[in-house]
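The structure appears right after this line, and notes come after that.
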4 protein chains.
Amino acid sequence: MNIHSMNERSFSHCGLFTKPSIKGAVYYTLKGEKGEMDQGNAKYNRILDAAIKVFAEQGFYQATISQVAKEAGVADGTIYLYFKNKSDILSNFLSYKTRMVFDRFRQAVDNADNAEEKLKSLIGVHLADFQKDRDMAVVFQREALLARCIDEEDLRKIIKMYTDILEDILRQGQKEGTIRGDMHIGLAKRFILGAVNEIINTWVVTGKVAGGGELADMAGPLVDLYFKGIGKE
Amino acid sequence: MNIHSMNERSFSHCGLFTKPSIKGAVYYTLKGEKGEMDQGNAKYNRILDAAIKVFAEQGFYQATISQVAKEAGVADGTIYLYFKNKSDILSNFLSYKTRMVFDRFRQAVDNADNAEEKLKSLIGVHLADFQKDRDMAVVFQREALLARCIDEEDLRKIIKMYTDILEDILRQGQKEGTIRGDMHIGLAKRFILGAVNEIINTWVVTGKVAGGGELADMAGPLVDLYFKGIGKE
Amino acid sequence: MNIHSMNERSFSHCGLFTKPSIKGAVYYTLKGEKGEMDQGNAKYNRILDAAIKVFAEQGFYQATISQVAKEAGVADGTIYLYFKNKSDILSNFLSYKTRMVFDRFRQAVDNADNAEEKLKSLIGVHLADFQKDRDMAVVFQREALLARCIDEEDLRKIIKMYTDILEDILRQGQKEGTIRGDMHIGLAKRFILGAVNEIINTWVVTGKVAGGGELADMAGPLVDLYFKGIGKE
Amino acid sequence: MNIHSMNERSFSHCGLFTKPSIKGAVYYTLKGEKGEMDQGNAKYNRILDAAIKVFAEQGFYQATISQVAKEAGVADGTIYLYFKNKSDILSNFLSYKTRMVFDRFRQAVDNADNAEEKLKSLIGVHLADFQKDRDMAVVFQREALLARCIDEEDLRKIIKMYTDILEDILRQGQKEGTIRGDMHIGLAKRFILGAVNEIINTWVVTGKVAGGGELADMAGPLVDLYFKGIGKE
DNA sequence: CATGAATGAGAATTCATTCAT
DNA sequence: AATGAATGAATTCTCATTCAT
């Protein structure tokens with residue numbers, strides 16, 4: 001018997017956002033936080049961490065289960081006690097990480113007052129969280145796209161989640177009178193998300209941040225650009 | 001002897017933009033234009049076209065040489081007369097396509113007068129060209145990133161090429177007085193490129209354009225957003 | 001220490017019919033009959049029953065220890081307290097079952113008077129017993145042959161046991177004057193056994209009995225055929 | 001590209017007897033008979049022969065593709081150019097062999113006049129053919145039963161093919177007045193087939209023929225038993 | 001140049017068996 | 001005795017690449 005039931009709610013099987021909790025994800029969240037976390041969870045997390053590290057370094061398709069197992073310090077076969085197959089590792093990671101990341105995004109937005117502050121807060125958390133965990137960032141930005149093992153539908157949902165948050169902010173700003181009413185919201189959403197992704201991608205590829213500071217420091221100037229544009233009044 | 005010398009200057013071996021001409025690329029450019037083009041070149045192009053189609057459909061790693069050969073109507077072994085290996089096909093494509101695309105981009109920019117027109121022209125051609133050839137767009141946006149067979153250095157160069165064009169435009173705009181002088185140019189470049197990529201990606205994944213029209217139609221509204229931002233004056 | 005000494009006398013190691021008693025078999029025989037039977041024996045039997053069920057359904061090689069354990073309601077490891085390995089389960093079953101079946105066969109033969117009655121009784125019990133326990137029948141007819149884990153020598157012995165019984169009957173019939181003296185006894189034995197096996201196999205595969213009744217009902221008509229043949233007078 | 005289209009009509013995919021010809025089987029038939037047989041066919045046959053030899057020795061599940069490849073003198077991968085997978089080898093063999101064997105059986109029956117002669121001829125060919133190729137006999141008698149990779153439906157069809165031939169003979173005999181009209185034909189068919197199988201199985205397991213001669217020599221005495229039975233008139 | 005059959009290294013995955021608890 | 005997580009050997013199958021024709 002294996003622990004698969006625990007991960008049952010993987011991307012490819014149950015839809016990404018339909019079930020409320022992944023045990024694995026929960027355990028993962030608890031990483032390092034609870035002394036009473038048992039071995040099984042620890043191992044699930046160890047494998048997940050190792051896999052993301054290896055995927056980030058090698059790319060999903062280049063990475064082998066053996067490499068992941070070695071990195072995690074377990075036998076090859078052990079991986080299959082926790083994950084259905086190689087794709088399932090990535091699925092579980094994306095599923096869990098998406099959930100976690102969006103929880104933080106929502107929080108960041110909820111804790112700010114007006115549209116501009118909300119946007120600044122959202123972008124700030126986005127950049128900070130991704131900078132904090134480069135492996136995650138690499139896998140999220142690069143592998144998620146290509147991984148044909150991930151349902152395109154799920155991919156769309158992840159993006160939609162983000163653009164939905166943005167849409168809320170934009171509409172609020174329009175009500176507040178701080179954001180133009182005469183623009184294409186669908187375009188504006190992509191416009192905002194695109195810049196953030198581009199900045200993260202540049203950092204992922206070059207290791208550098210435009211301007212030389214922290215990734216999160218770009219949130220202010222970026223939101224400034226979003227609002228004022230590049231044009232001279 | 002095979003034709004490899006011809007492709008020697010592939011991405012992964014000699015750097016993308018260091019040597020002035022790729023015979024293959026040249027042949028490719030000439031596709032359908034010159035009656036005196038010999039069989040070999042035609043076959044080179046057939047394989048390249050077939051490969052991009054298959055890569056776009058299956059993903060680079062899922063695609064097999066056999067599929068490409070079948071699509072191209074040649075034997076598996078024939079591919080190796082024109083390309084060193086599987087990665088080399090993608091490398092050659094990116095190398096050639098980058099060159100071609102940037103030629104068109106430069107032209108688009110050169111044919112316009114002021115910064116705003118240049119930007120509009122650049123984005124317009126970018127969107128139009130990618131929409132015209134979805135397979136190319138898919139491979140460019142998705143596979144290029146993940147394909148570890150492409151040198152990261154080369155990837156950086158491609159992006160730099162684009163942002164260099166943008167930088168020129170931005171500086172010209174600043175001189176013209178149409179673009180703010182008090183902004184971070186490095187950030188602005190990513191800000192511009194990011195939106196274009198995001199719009200293309202959305203189209204690639206969903207098949208839809210925000211707004212419902214043609215991809216190229218977004219150039220105007222997008223540049224408008226770039227200049228004015230989302231803020232209410 | 002484990003209980004292995006108990007099963008030491010498995011098919012593959014000590015020969016099937018050389019030692020007088022298998023503890024496991026004895027326990028098995030006692031299944032449900034003795035209140036003082038301890039837990040260990042009950043578990044031994046539970047595993048054996050479960051294994052035969054799973055082997056019958058999946059085939060010996062397709063069946064996994066985990067499936068057997070689950071069916072038996074014990075942990076995977078527990079199986080190895082009672083059986084040396086997977087083959088040993090089958091060996092023990094065949095060993096026990098052969099013994100049990102032949103006890104009943106001998107009894108059936110002993111309780112009848114003349115050769116024809118003996119034969120009818122033997123065939124009747126054979127068919128009835130196999131019909132009563134389809135899993136056993138499947139394993140006996142199908143898996144026993146293919147399972148290379150069973151010593152061919154043992155296989156020969158089982159068959160010989162049966163044909164020895166038949167030989168006794170045939171010789172008695174010849175003495176009694178009811179059975180021809182001018183025939184090849186070795187051939188006649190196979191002739192008799194073959195028909196029974198074929199009828200059981202047909203039932204195992206199709207689930208049907210030629211004629212549509214109970215398997216055991218075929219004993220009479222079959223023995224009639226044995227004696228009279230298919231020829232007209 | 002591989003040669004699979006050639007074997008398309010495998011047991012498990014298209015039903016056993018629905019399509020008229022297996023190229024592979026045809027080639028196989030021609031083994032050693034036609035000088036112009038090309039390499040591909042020769043290899044297909046080499047692999048098939050090797051596989052049957054290995055399956056007969058090791059059993060289907062114990063046998064590995066590597067063993068088959070080694071026996072055939074080809075690389076492991078080559079096997080997959082000719083067969084979809086391990087089961088497909090067995091399927092193709094059984095499919096081909098069944099066809100061939102039944103052609104010979106039909107011929108044997110057609111060339112004889114009355115029921116008794118037909119039966120004698122059928123049994124004679126059956127025994128002779130199986131004795132001629134022990135590996136085939138082993139695989140046919142033992143592995144075919146157990147191989148869960150073979151559709152049970154197909155198994156039934158093979159058996160039915162044989163019993164259909166027998167039924168024709170029995171009915172003809174009844175018309176001719178040489179065979180009893182008062183017997184259960186379904187039972188009689190199994191009765192006949194069972195004896196043949198038992199004799200072959202005994203020979204497969206012990207290497208011996210009851211009586212000590214050739215397997216085919218048993219046809220006469222056996223048919224004599226069928227007709228006259230074991231009873232003293 | 002072109003072919004495509006053959007190769008064999010390499011990867012994912014399974015599962016009998018062990019052993020620390 | 002019982003457990004079941006962990007192991008890792010073993011196996012199937014894939015596919016980029018080669019090379020004789």
Side-chain angles (χ1 to χ4, degrees), chain A residues 1-3 38-40 43-44 47 61-69 72-89, chain B residues 1-3 38-40 43 61-70 73-89, chain C residues 1-3 38-40 43 61-70 73-89, chain D residues 1-3 38-40 42-44 47 61-69 72-88:
Chain A
M1 243 287 293
N2 66 30
I3 218 167
D38 67 41
Q39 281 304 333
K43 201 155 284 187
Y44 174 88
I47 293 168
Y61 289 105
Q62 276 60 43
T64 70
I65 288 291
S66 286
Q67 288 175 314
V68 173
V74 299
D76 290 23
T78 304
I79 307 263
Y80 293 88
L81 297 177
Y82 295 90
F83 300 92
K84 260 193 301 295
N85 50 44
K86 195 179 160 189
S87 297
D88 192 46
I89 307 177
Chain B
M1 232 289 287
N2 66 27
I3 217 167
D38 66 39
Q39 280 303 338
K43 203 158 280 188
Y61 289 106
Q62 276 63 41
T64 69
I65 289 290
S66 282
Q67 289 174 312
V68 173
K70 198 176 178 184
V74 299
D76 291 21
T78 305
I79 295 196
Y80 290 87
L81 299 175
Y82 294 90
F83 300 92
K84 254 196 310 294
N85 51 42
K86 195 180 163 189
S87 297
D88 192 45
I89 306 176
Chain C
M1 231 290 286
N2 66 29
I3 216 166
D38 65 41
Q39 278 305 336
K43 204 158 281 188
Y61 289 105
Q62 277 63 41
T64 68
I65 289 291
S66 281
Q67 288 175 312
V68 173
K70 197 175 176 183
V74 299
D76 291 22
T78 304
I79 295 197
Y80 290 87
L81 298 176
Y82 293 90
F83 300 92
K84 253 195 311 294
N85 51 43
K86 194 178 162 188
S87 298
D88 191 46
I89 305 176
Chain D
M1 244 287 293
N2 66 30
I3 219 166
D38 67 43
Q39 280 304 335
K43 200 154 285 185
Y44 174 89
I47 293 168
Y61 289 106
Q62 275 60 44
T64 69
I65 288 292
S66 286
Q67 287 174 314
V68 173
V74 299
D76 290 22
T78 304
I79 307 262
Y80 293 89
L81 297 178
Y82 295 90
F83 301 92
K84 259 191 304 294
N85 49 46
K86 195 179 159 188
S87 298
D88 192 47

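All values below were derived from every heavy atom in this structure, side-chain atoms included, with hydrogens, water molecules and symmetry-related copies excluded. To find a chain, count down the sequence lines: A is the first, B the second, and so on, and within it residues start at 1.
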Could you state the atom-to-atom distance from [atom1] of [X] to [atom2] of [N] in whole Å?
X: D/Tyr44; N: E/dG4; atom1: OH; atom2: P; answer: 21 Å
X: D/Phe83; N: F/dT14; atom1: CZ; atom2: C1'; answer: 18 Å
X: D/Asp88; N: F/dT12; atom1: CG; atom2: C1'; answer: 14 Å
X: B/Tyr61; N: E/dA12; atom1: OH; atom2: P; answer: 13 Å
X: D/Lys84; N: F/dT12; atom1: NZ; atom2: C1'; answer: 16 Å

Legend entry - Spatial distance of atom OH (A/Tyr82) from atom OH (A/Tyr44) [nearest 0.5 Å]: 11.0 Å

Inset, instruction - Considering only atom P, compute the distance from E/dC1 to F/dT21 and round it to an integer number of Å. - result: 22 Å

Legend entry - Stems formed with participation of DNA chain F [Watson-Crick or G-U wobble, under 3.5 Å, three or more pairs]: E:2-21 with F:2-21

Sub-3.5 Å pairs of nitrogen or oxygen atoms, protein against nucleotides 7-11 of chain F:
unit_1: F/dT7; atom_1: OP2; unit_2: A/Ala75; atom_2: N; d: 3.0
unit_1: F/dT7; atom_1: OP2; unit_2: A/Thr78; atom_2: OG1; d: 2.4
unit_1: F/dG8; atom_1: N7; unit_2: A/Gly77; atom_2: N; d: 3.4

What pair of heavy atoms forms the shortest contact from [X] to [Y], and how long is it?
X: A/Ser66; Y: A/Asp76; result: OG-OD2, 2.6 Å
X: C/Tyr61; Y: C/Lys86; result: O-NZ, 3.6 Å
X: B/Ile79; Y: B/Ile65; result: CD1-O, 3.9 Å
X: D/Asn85; Y: D/Tyr80; result: CA-CE2, 3.9 Å

Legend entry - Short side-chain N/O contact from D/Tyr82 to OP1 or OP2 of E/dA5, under 4.0 Å: no

Inset, instruction - Would you please confirm or rule out a distance under 4.0 Å between OP1 or OP2 of E/dT13 and any side-chain N or O of A/Tyr80? - result: yes

Inset, instruction - Could you list the residues that satisfy side-chain contact (heavy atoms from CB on, under 4.5 Å) with C/Ala63, not counting sequence neighbours? - result: C/Val54, C/Phe55, C/Gln58, C/Gln67

